[in-house]
Amino acid sequence: IGNYQVPKRWMIIAASNDMEHGAISYDSGTALNDRLIHLKVVSNKDAFINYAMKNNFSNEVIVTVKSYDLLENCEDRIKKDEDIGYSPRGWERVDYFFKRIKNQSALQNIVSGIIGENAAATFFTVVEELKSNTSVEDLMKAKPGDRKKLYPDNIIAGFSHTHLSG
């Protein structure tokens, strides 16, 4: 403003949604836009899975996103004319509530409100299937003759063995 100088080693950073995202956003005008660096951030499933694993997300969230490719960008939702969807931020919120809300009915409503009913139904299917899962450690400790009864009996449980161990 006026003759104000930003101190050395300071940087002004701003974030905004694109006008096309349907969020509250205003056109900045060409003069301001010309003075900014514009970075478009998009979802990447592999990057999200790595982030989720490093940040101790639940196996249920990780397996759901990876198994069913349930990660999207705002543009995907706009094309489908949907208000909510399964963004990285949404899955982080699902993980937060999944770890804290014990009332199953309340949790289902919360998760549906975050990622939508279809993705929530898929998530809770994964939750149920993983409940019957045997840990890789238990498989390794078991005697060879006893392992057969411990092997996963569904594809999601089998997936978790191959992608979440170690």
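Just the heavy atoms: all of them, side chains too, but no hydrogens, waters or symmetry mates, feed the values below.
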Sorted by chain and number, sequence neighbours left out, ring-ring contact (aromatic ring centres under 6.0 Å, His included) with Phe98 holds for Phe123
side-chain hydrogen bond (donor to acceptor under 3.5 Å, both in side chains) contacts touching residues 93-103 (sequence neighbours left out):
Ser58-Asp95, Asp95-Lys99
Do the side chain of Asn55 and the main chain of Phe57 share a donor and acceptor less than 3.5 angstrom apart?
no
Look up atom CD in Glu128 and atom OG1 in Thr125, then write down how far apart they are to the nearest 0.5 Å.
8.0 Å
If you round to the nearest 0.5 Å, how far is CZ of Phe48 from CD of Glu92?
7.0 Å
Which residues pass the side chain to side chain donor-acceptor pair (under 3.5 Å) test with Glu117, sequence neighbours left out?
none
Nearest atoms (heavy-atom pairs only) where Leu71 meets Ser87
CD1-C, 3.9 Å
Which atom pairs, donor and acceptor, lie under 3.5 Å between side-chain atoms of residues 8-15 and protein residues at least two apart or in another chain?
none

Nearest heavy-atom approach of Asn33 to His38 is O-NE2, 3.1 Å
Got a second to check how far Thr64's OG1 is from Asn59's CG, nearest 0.5 Å?
10.0 Å
Applying ring-ring contact (aromatic ring centres under 6.0 Å, His included), can you list everything that pairs with Phe97, at least two apart in sequence or on another chain?
none
Contact summary for Lys45 and Val65, nearest pair of heavy atoms:
CD-O, 3.8 Å
Shortest non-hydrogen pair, Ile115 vs Tyr86, comes out as O-CD2, 3.7 Å
Using every non-hydrogen atom in the two residues, find where Ala31 and Arg35 come nearest and quote the distance to one decimal.
O-NH1, 2.7 Å
With sequence neighbours left out, what residues match Asp34 under salt bridge (Lys or Arg N to Asp or Glu O under 4.0 Å)?
none
For side-chain contact (heavy atoms from CB on, under 4.5 Å), just list the numbers for Trp91 and Leu70, CA-CA rounded to whole Å, side-chain angles, deciding distance to a tenth of an Å, and then say yes or no.
CA-CA 9 Å; Trp91 282 112; Leu70 289 178; 3.9 Å; yes
Measure across Val111 and Ala120 and return the closest heavy-atom pair with its distance rounded to 0.1 Å.
CG1-CB, 3.8 Å
